[in-house]
Amino acid sequence: MRIPDFKLERYFAKWEFNAPYLLCSSDIEGWRMSELLALADEDGRERWERLSLGYTESTGLPALREEIARMYPGLEPRHVLTFGGAQEAIFVLMNVLLGPGDHAVVTWPGYQSLYEVARATGAEVSLLRLREEDGWKLDLDALKRELRPQTKLLVVNFPHNPTGALPDAAAWRGLFALAEERGLHVLADEVYRLLEHDPKDTLPAAAELSARGVSLGVMSKAFGLAGLRVGWLASRDTALLERCAAYKDYTTICNAAPSEVLSLIALRARERVLDRSRELLARNLAVLDGFFARRADTFRWIRPASGSVAFPKLLKDMPVADFCQRLVETEGVLLLPGDVYDFPGNHFRLGLGRTNMPDALARLERFCDALWP
């Protein structure tokens with residue numbers, strides 16, 4: 001396999017553990033171990049205390065799969081397969097579904113592995129561009145124009161990284177109607193699902209809407225547990241999951257036993273876990289509203305409808321990569337330039353999910369004052 005460097009991850013490898021203020025992180029502030037364990041029910045605490053550090057079931061801890069399935073009405077544990085994070089799930093599914101002669105359509109800008117892993121299988125990939133001038137909305141007519149007889153997979157990411165966009169219910173159902181009509185599988189990257197800023201905007205999961213729908217989930221984003229490295233695929237296509245499980249034998253084989261139990265504890269207490277995430281996002285969004293109102297001559301943004309990221313645009317005559325470089329070197333504040341997505345324009349990713357975001361934003365404002373008094 002030949003695959004390009006993952007630009008976003010290479011950028012983070014350089015800066016993530018050196019910059020004191022990560023103003024571009026896509027995850028929610030991580031839980032401390034003691035705080036998470038305090039949420040455990042009696043069964044969860046017992047599982048933790050008697051945990052044996054041996055191999056685990058390759059498909060995932062049965063109790064964990066049962067708890068994940070509860071988040072998808074109509075699904076059962078057999079409709080869930082766990083992985084070592086969302087990245088492994090993407091890698092496995094793409095290699096199972098795609099190969100030379102196949103075609104996939106992927107929303108863009110987006111997480112690089114959603115299209116580069118597909119290309120590395122030998123498949124052709126068309127990028128479905130979301131446009132700022134359209135409010136980053138999903139354009140079904142544009143999608144139809146990208147479909148070919150060889151199209152096998154449609155890959156979408158909503159709530160969207162990096163823009164925070166979310167389709168309306170009609171467009172979302174229209175997408176699945178189109179996929180059903182063409183016999184396509186749909187991989188829906190839903191790792192920011194349940195972080196809708198208005199709960200009424202929460203969309204049905206792909207696995208609920210279609211037998212060919214595959215929902216990608218992870219403990220990293222909405223649940224603030226990136227260090228556990230637990231992700232999953234949920235789908236009613238059990239034959240597809242069986243093929244993925246067989247392919248997983250060549251990757252991680254199984255999950256880490258402590259991570260599975262800690263994920264189980266968090267998901268059983270998910271309303272408290274999600275309340276923490278949503279409250280943090282609401283506070284930070286209020287701060288950002290004031291910042292962008294004051295800085296309308298410097299930045300433009302479309303306020304995200306969901307998730308923990310946004311994709312503002314620098315309006316000044318300075319390349320955004322230079323702006324981000326000078327900011328981190330001067331103030332220790334890390335932003336993610338749109339260059340890592342190969343996306344044109346002066347956009348950058350901004351993260352909403354860290355507790356020190358107001359301090360980081362104050363440093364960003366001080367930096368802008370110095371550049372453009």
Of all heavy-atom pairs linking Ile68 and Tyr72, the shortest is O-CD1, 3.3 Å

Main-chain N/O of Pro159 paired with Asn157 side-chain donor or acceptor, under 3.5 Å: yes

Charged N-O contact under 4.0 Å between Glu116 and Arg119: yes

For Leu335 and Cys324 the tightest heavy-atom approach is CB-SG, 3.8 Å

Atom CZ of Arg32 with >12 non-hydrogen neighbours under 6.0 angstrom
no

- prompt: Do Asp27 and Arg354 sit within salt-bridge range, that is, some charged N less than 4.0 Å from a carboxylate O?
  reply: yes

Fill in: Side-chain H-bond candidate by donor/acceptor type, Ser306 with His197, under 3.5 Å
no

Correct closest heavy-atom pair for Phe291 and Glu365 would be CD1-OE1, 3.8 Å

Heavy-atom closest pair (Leu203 atom, Ala169 atom, distance to 0.1 Å) is CD2-CA, 3.9 Å

The residue among Trp372, Phe311, Phe348 that forms ring pair (Phe, Tyr, Trp, His ring centres under 6.0 Å) with Phe299 is Phe348

### Message
With a 6.0 Å cut-off on the ring centroids, do Trp108 and Phe343 count as close?
### Response
yes

Just by modelled atom types, is the Leu147 backbone N or O under 3.5 Å from a matching donor or acceptor in the Thr151 side chain?
no

Exercise. Regarding His79 and Thr238, is there a side-chain donor-to-acceptor distance under 3.5 Å anywhere?
Worked result: no

* Asked: Would you call Ile90 and Leu114 a side-chain contact if the rule is heavy atoms closer than 4.5 Å?
  -> yes

Would a distance-only check, ignoring hydrogens and angles, find a side-chain to backbone donor-acceptor pair under 3.5 Å from Ser277 to Ala222? yes

To the nearest 0.5 Å, atom CD1 of Ile28 lies from atom OG of Ser220 at 11.5 Å

The reported gap from CG in Leu288 to CG in Leu350 (rounded to nearest 0.5 angstrom) is 5.5 Å

Item to complete: Show the numbers, then the answer: is there a side-chain hydrogen bond (donor to acceptor under 3.5 Å, both in side chains) between Asp189 and His160?
Response: CA-CA 9 Å; Asp189 178 346; His160 186 246; over 6 Å; no

Should Leu8 and Tyr341 be marked as a side chain to side chain contact (heavy atoms under 4.5 Å, CB included) after you check the CA-CA gap, both sets of side-chain angles, and the distance that decides it? CA-CA 7 Å; Leu8 181 150; Tyr341 297 100; 3.8 Å; yes

* Is any side-chain heavy atom of Lys316 closer than 4.5 Å to a side-chain heavy atom of Phe323? -> no

query = Around atom CD of Glu42, are there more than 12 heavy atoms of other residues, nucleotides or ligands at under 6.0 Å?
reply = no

Value for CD (Glu146) from OG1 (Thr107), rounded to nearest 0.5 Å, stands at 12.0 Å

### Presence of salt bridge, Arg47 and Glu260, under 4.0 angstrom
no

**Message:** I'd like to know if Lys7 pairs up with Asp339 as an ion pair, taking the criterion as any Lys NZ or Arg NE/NH1/NH2 lying under 4.0 Å from an Asp or Glu carboxylate oxygen.
**Reply:** no

Between Gly353 and Leu280 the two heavy atoms that sit nearest each other are O-CD2, 3.0 Å

### Task
Taking atom NZ of Lys137 as the centre, report whether more than 12 heavy atoms of other residues, nucleotides or ligands fall under 6.0 Å from it.
no

TODO: Evaluate the ring planes of Tyr11 and Trp15, with Trp represented by its six-membered ring, and classify them as parallel (under 30°), tilted (30 to 60°) or perpendicular (over 60°).
DONE: tilted

query = Does the distance from a Lys or Arg side-chain N to an Asp or Glu carboxylate O, for Arg366 and Glu331, drop under 4.0 Å?
reply = yes

Does the plane of the ring in Phe292 sit parallel, tilted or perpendicular to the ring in Trp301? Use 30° and 60° as the thresholds. parallel

Distance col, row Leu352:CG vs Arg283:CZ, nearest 0.5 angstrom, shows 12.5 Å

- Under 3.5 Å: donor-acceptor pair, side chain of Arg45, backbone of Leu37: yes

dist Ile3:CD1 -> Ser113:OG (nearest 0.5 Å) comes out at 8.0 Å

Open item on the list: Is it true that, when you exclude Glu124 itself, more than 12 heavy atoms of the residues, nucleotides or ligands shown sit nearer than 6.0 Å to its CD?
Closed with: no

> So, Ser26 versus Lys221: side-chain donor-acceptor pair below 3.5 Å or not?
Replying inline: yes

Apply salt bridge (charged side-chain N to carboxylate O under 4.0 Å, His left out) to residues Arg268 and Asp43 and explain how you reach the verdict. CA-CA 10 Å; Arg268 283 179 172 171; Asp43 176 71; 2.6 Å; yes

The single option from Arg173, Arg193, Arg236 that satisfies salt bridge (charged side-chain N to carboxylate O under 4.0 Å, His left out) with Glu208 is Arg193

- Query: What do you reckon, is CZ of Arg129 surrounded by more than 12 foreign heavy atoms closer than 6.0 Å?
  - Reply: yes

d(Leu75 CG, Ser235 OG) to nearest 0.5 Å is 7.5 Å

Nearest heavy-atom approach of Ala266 to Leu225 is CB-CD1, 3.4 Å

*asked:* With salt bridge (charged side-chain N to carboxylate O under 4.0 Å, His left out) as the criterion, how do Arg70 and Glu67 come out once you've worked through the C-alpha distance, each side chain's angles and the decisive distance to 0.1 Å?
replied: CA-CA 5 Å; Arg70 291 180 190 277; Glu67 204 60 45; 3.5 Å; yes

Tell me if a side-chain donor or acceptor on Glu46 pairs with a main-chain N or O of Asp41 at a distance below 3.5 Å. no

Which pairs would a plain distance check flag for residues 239-249, meaning a side-chain donor or acceptor within less than 3.5 Å of a matching protein atom at least two apart in sequence or in another chain?
from   : atom 1 : to    : atom 2 : distance (Å)
Arg243 : NH2    : Val96 : O      : 2.7
Lys248 : NZ     : Ser58 : O      : 2.6
Lys248 : NZ     : Thr82 : O      : 2.7

Modelled atom types, side-chain donor and acceptor of Arg349 and Asn161, under 3.5 Å
yes

May I ask you to decide if Gly60's main-chain N or O and Asn255's side chain share a donor-acceptor pair within less than 3.5 Å? no

Got a donor-acceptor contact below 3.5 angstrom from the Arg278 side chain to the Leu194 backbone? yes

